[in-house]
Asks: 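I am attaching a structure below and will ask some questions about it afterwards.
The sequence lines fix the lettering, A, B, ..., with proteins before strands; numbering per chain opens at 1. Reckoned from all heavy atoms, side chains included, excluding hydrogens, waters and symmetry mates.
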2 protein chains.
Amino acid sequence: MATIGDVAQAAGVSRSTASYALSGKRAISADVRRRVEDAVRQLGYTPNAGARALATSQTMVIGLLAQFLEDEFAPAMLQYMLGVSNTARELGYDILLVSDADGTRALRRITDSRMVDGVVLLNVAERDERLPILRSAAQPGALVGLPADCTGVDVFDLDFEEAGRLMVDHLHRLGHREMALVSQPEHVIERGGAYVWRLQNAALEAARARGITLHTVSASSHQPDVGQDLSALLDTYPDVTGLLINNEAAAAALPTVLHQRGLTAPSDLSVVGRYSDEFARTFSLPYSSIESAPDRLGRMAVRQLVRRIEGDVAADEPHVVRFVTPELVDRGSTGVPRPA
Amino acid sequence: MATIGDVAQAAGVSRSTASYALSGKRAISADVRRRVEDAVRQLGYTPNAGARALATSQTMVIGLLAQFLEDEFAPAMLQYMLGVSNTARELGYDILLVSDADGTRALRRITDSRMVDGVVLLNVAERDERLPILRSAAQPGALVGLPADCTGVDVFDLDFEEAGRLMVDHLHRLGHREMALVSQPEHVIERGGAYVWRLQNAALEAARARGITLHTVSASSHQPDVGQDLSALLDTYPDVTGLLINNEAAAAALPTVLHQRGLTAPSDLSVVGRYSDEFARTFSLPYSSIESAPDRLGRMAVRQLVRRIEGDVAADEPHVVRFVTPELVDRGSTGVPRPA
DNA sequence: CTGAAAGCGCTTACAG
DNA sequence: CTGAAAGCGCTTACAG
């Protein structure tokens with residue numbers, strides 16, 4: 001493989017001149033520039049990334065820490081990954097994908113060894129074990145998901161409180177007085193999946209404030225259990241007229257469940273979900289939903305991360321915690337409640 | 001960050017001794033080894049990956065080229081990615097994830113700049129534009145998917161011909177005499193998704209040999225179109241008693257379609273799919289299916305790639321083309337045909 | 001506008 | 001069993 005030395009030799013200049021001609025970091029005569037460029041073309045020269053990283057302390061690589069947990073719905077994770085990956089590439093960065101079960105060790109490994117210039121953490125828990133490691137790392141980090149302690153990192157998340165209120169308000173306004181909220185499995189909450197109870201608590205509070213009944217249930221994140229959970233819910237609360245779904249697997253299972261029971265939305269039951277538009281299309285989900293905006297969140301996280309990496313942000317500039325305002329995408333699955 | 005120089009100084013030895021003590025590549029006195037190890041611990045030393053890569057010409061990183069094409073079903077791709085990623089990690093390698101729309105440029109970039117020691121290509125087409133680039137790269141490559149020309153690369157794929165025969169034979173043995181095969185959209189074939197017609201041609205041939213009727217149709221890879229395609233198929237061929245599904249989106253949509261039409265498998269219709277067990281669980285698909293084994297294929301590809309990278313394979317050892325034998329996972333969705 | 005030199009942090013022949 | 005030195009391929013002050 002050709003090196004910058006080969007290029008310099010072919011162009012009849014020094015290595016430093018060749019380097020500067022390529023980087024444009026100092027004035028170069030038109031003639032020399034042309035000779036260098038010709039040499040690059042002829043030799044098929046591409047800089048060695050490792051050597052450049054060593055010289056500049058910049059790898060142009062971003063670490064992406066994804067975790068595929070047994071009790072979460074993998075296809076939903078993919079969307080965040082693609083949002084991060086695509087934005088990174090637009091900004092000139094490559095992605096080191098880390099899907100280790102042990103995220104803490106992996107995070108330490110890639111930061112300590114300087115494989116990455118910065119890190120994006122997906123699926124952040126309330127007390128995420130990866131955070132202390134990230135804080136002590138030399139590289140900046142951006143999170144998708146809100147932890148209890150946000151010091152030292154930039155944080156991006158959907159405003160799940162607002163999402164909960166929005167779901168309740170929307171159905172309340174249509175006249176619903178008894179609804180049920182389907183959340184993730186208990187262990188997601190126990191593990192610190194804060195978004196579950198953030199949405200749930202805000203929904204409960206909104207329901208209380210409006211004097212309406214809101215039942216809350218956890219449902220499995222796996223088929224076919226989740227279908228049975230949904231069926232059980234409808235059996236237990238026959239007077240429910242509105243369903244709020246904060247569980248991707250449940251949303252994917254609902255069409256079949258409703259079919260089996262001969263129910264139609266919105267005439268028998270109003271339904272509002274919380275998932276991405278892409279997810280809705282993939283699974284053909286006909287329900288109005290709060291857009292969870294994974295691509296947008298991934299994009300925001302990478303943008304801010306790159307700003308920090310490239311020093312466009314003063315080192316003492318405070319870290320941000322930014323929420324995406326939930327928006328309801330109307331797919332026509334809500335209406336006035338059926339007569340009692 | 002501590003360097004090997006700091007470690008050497010703290011241990012009172014030379015840098016080379018420190019390096020050898022850590023690599024174990026030459027005999028070291030017990031005393032020195034201990035002092036070096038203590039220094040490493042105290043300083044929290046981790047080797048700089050870029051520097052090591054420059055010195056050894058080994059990055060310990062594998063490039064993973066995934067493409068998320070508009071007309072393919074993204075969740076299915078994820079499984080291959082995880083198979084590759086997990087196996088790589090077990091073998092000590094990290095994954096550089098490349099999801100660029102323009103796979104050729106990206107491939108050239110990561111190989112020319114020596115960011116990776118080898119490359120895994122996913123979703124390989126009949127005449128894949130990435131292959132010429134891979135062949136001229138310095139690093140070895142492994143494919144998941146069978147191209148027309150396999151020279152210079154190791155290839156792993158499901159035996160789609162055998163899968164097609166297996167599907168037809170299975171239903172034929174149960175007594176079915178008229179079936180339909182649902183394939184991917186036309187443009188997947190046009191783009192060179194050879195697995196589509198490899199399975200289809202073998203199925204057609206098996207049907208001819210046994211004197212039975214096999215209709216073939218392409219269905220969309222998106223909801224809700226695919227559901228309509230399936231409905232149209234059932235309208236067009238009312239005498240079909242067996243359905244072969246080589247299209248993940250169609251498999252995911254089928255339960256709803258059958259429900260709508262009041263059909264049950266296997267009493268009204270026998271169904272055999274082709275997807276992974278993980279996929280079946282995620283989508284709660286109740287159909288017997290040919291296991292597509294994405295995790296196993298990813299694992300095989302990485303294993304062989306690492307053997308080449310690490311030179312466990314003679315440079316002149318011929319490249320392999322290895323097929324995974326399809327196996328039918330019985331989920332009880334096939335039986336004798338309904339009476340005419 | 002250009003060149004010679006130092007340095008990034010490792011590994012590994014070469015010498016003893 | 002250990003050390004001094006060269007080299008991997010870049011970038012970037014320093015000098016002119």
Asks: Return a single string for nucleotides 5-11 of chain C, one symbol per nucleotide in 5' to 3' order, where B is base contact, S is sugar-phosphate-only contact and - is none, cutoff 4.0 angstrom on heavy atoms.
Replies: -BBBBBB

Asks: Classify the side chain of A/Arg26 and the base of C/dT2 as holding, or not holding, a donor-acceptor pair under 3.5 Å.
Replies: yes

Asks: Do B/Glu129 and B/Thr104 get their side chains close enough for a donor-acceptor pair, meaning under 3.5 Å?
Replies: no

Asks: Given B/Leu96, which partner from the list B/Ile110, B/Val119, B/Leu64 fulfils the side-chain contact (heavy atoms from CB on, under 4.5 Å) test?
Replies: B/Ile110

Asks: Report the C-alpha distance between A/Arg35 and A/Asp31 in whole Å, list the side-chain angles of each, state the deciding distance to 0.1 Å, and finish with yes or no for salt bridge (Lys or Arg N to Asp or Glu O under 4.0 Å).
Replies: CA-CA 6 Å; A/Arg35 285 187 351 241; A/Asp31 177 48; 2.7 Å; yes

Asks: Taking CZ from B/Arg33 and C1' from D/dT2, how many angstroms apart are they, rounded to a whole number?
Replies: 13 Å

Asks: Should A/Asp154 and A/Arg308 count as an ion pair when the cut-off is N to O under 4.0 Å?
Replies: yes

Asks: Can you tell me the base-pairing partner of D/dA4? Count Watson-Crick or G-U wobble geometry only, both distances below 3.5 Å, and say none if there is no partner.
Replies: none

Asks: When you compare the side chains of B/Arg135 and B/Thr151, does any donor N or O come within less than 3.5 Å of an acceptor on the partner?
Replies: yes

Asks: State the pairing partner of C/dA13; accept Watson-Crick or G-U wobble contacts with both distances under 3.5 Å, and report none otherwise.
Replies: none

Asks: State whether B/Ser14 places a side-chain N or O below 4.0 Å from either non-bridging phosphate oxygen (OP1 or OP2) of D/dA4.
Replies: no

Asks: Could you tell me whether A/Asp38 and A/Arg41 make a salt bridge, using a distance below 4.0 angstrom between a side-chain N and a carboxylate O?
Replies: yes

